[in-house]
Amino acid sequence: MFSIVPMQARHVEEVARLEQICFSTPWSADSLQRELDTPGAAFFVAENEAGVPIGYVGTHIVLDEGYIANLAVHPDYRRRGVAGALLRHLEALAARRELAFWSLEVRESNAAAIRLYTRHGYMVTGRRPGFYRAPAEDALLMTRRFE
């Protein structure tokens with residue numbers, strides 16, 4: 001069981017640890033802390049019954065455009081609906097904010113994430129050559145449009 005809540009200062013250190021587990025170039029705790037005060041940033045945490053972050057999603061919204069900067073789920077909680085719940089939370093946010101779309105980049109080798117995004121209505125709309133480092137890899141640009 002988990003719940004999705006807005007990211008708060010109390011979550012930052014655990015979310016930074018989650019970043020280190022999930023990404024080769026993780027965001028620092030300082031970077032995450034700054035996002036709490038960044039206009040247009042909307043970060044949400046999936047937390048377990050003890051209030052410990054097990055996943056999170058970070059976004060930026062400008063006018064009617066949404067960009068998903070990061071989505072991460074702790075390996076022990078993958079394939080339990082956490083990422084899907086975070087994406088559904090963003091769908092509801094898009095409806096409230098009347099967003100035209102969400103877009104994101106994903107490593108082209110990350111088949112599990114690509115399947116997840118595709119199941120949630122995202123389509124490949126482009127490629128960013130050499131976007132990722134450590135290891136170097138192209139990114140697929142995926143977009144979910146709303147009417």
Side-chain angles (χ1 to χ4, degrees), residues 2-48 50-94 99-146:
F2 60 90
S3 58
I4 298 174
V5 299
M7 188 169 80
Q8 301 170 9
R10 68 183 175 88
H11 296 120
V12 168
E13 290 299 324
E14 286 294 327
V15 170
R17 277 193 274 286
L18 187 58
E19 278 276 321
Q20 291 173 346
I21 292 167
C22 296
F23 300 114
S24 61
T25 53
W27 286 25
S28 68
D30 287 342
S31 294
L32 291 162
Q33 182 67 45
R34 281 193 299 275
E35 291 297 326
L36 294 175
D37 298 319
T38 299
F43 281 59
F44 301 96
V45 173
E47 58 182 21
N48 66 15
V52 176
I54 59 172
Y56 95 101
V57 63
T59 70
H60 295 98
I61 299 170
V62 177
L63 300 173
D64 68 343
E65 301 177 358
Y67 172 72
I68 300 173
N70 275 348
L71 189 151
V73 175
H74 191 284
D76 292 345
Y77 290 89
R78 290 182 185 160
R79 305 204 52 82
R80 295 186 187 186
V82 177
L86 288 164
L87 289 174
R88 285 189 300 279
H89 190 82
L90 293 185
E91 291 167 17
L93 177 62
L99 298 185
F101 61 84
W102 284 113
S103 66
L104 59 89
E105 289 97 4
V106 60
R107 284 183 179 273
E108 70 177 337
S109 66
N110 192 342
I114 293 167
R115 281 192 305 274
L116 169 74
Y117 296 131
T118 300
R119 280 195 312 271
H120 283 270
Y122 290 76
M123 298 177 58
V124 174
T125 54
R127 174 181 298 274
R128 297 193 196 275
F131 182 80
Y132 291 104
R133 304 283 180 260
E137 186 173 358
D138 290 357
L140 297 180
L141 178 62
M142 297 186 78
T143 302
R144 162 87 192 265
R145 296 198 174 278
F146 302 97

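Both backbone and side-chain heavy atoms feed into the values below; hydrogens, waters and symmetry mates do not.
Contact between Asp138 and Pro129 at its shortest, heavy atoms only, is OD1-CA, 3.1 Å. The two residues Tyr77 and Asn48 have their closest heavy-atom pair at OH-ND2, 3.7 Å. Pairing each heavy atom of Ala29 with each of Val12, the nearest pair is O-CG1, 3.3 Å. Minimum interatomic distance between Arg133 and Ser24 (heavy atoms only, all atoms of both residues): O-OG, 3.6 Å.
In this structure, NE2 on His74 lies 9.0 Å from CD on Glu14, to the nearest 0.5 angstrom. Expressed to the nearest 0.5 Å, how far CD of Glu137 lies from CG of Asn110 amounts to 8.5 Å. To the nearest 0.5 angstrom, Thr125 atom OG1 is 9.0 Å from Phe101 atom CZ. With rounding to the nearest 0.5 angstrom, the CZ atom of Phe44 is 4.0 Å from the NE2 atom of His89. Atoms CG and CD1, on Leu86 and Ile54 in that order, are 8.5 Å from each other to the nearest 0.5 Å. For the atom pair CG of Leu32 and CD of Glu13, the computed distance is 9.0 Å after rounding to the nearest 0.5 Å.
For the pair Glu91 and Arg88, the salt-bridge criterion is not met [side-chain N within less than 4.0 Å of a carboxylate O].
With 3.5 Å as the limit, one finds a donor-acceptor pair spanning the side chains of Ser31 and Arg34.
Between Phe43 and Tyr56, the ring planes lie parallel to each other; the angle is under 30°, not in the 30° to 60° tilted range.
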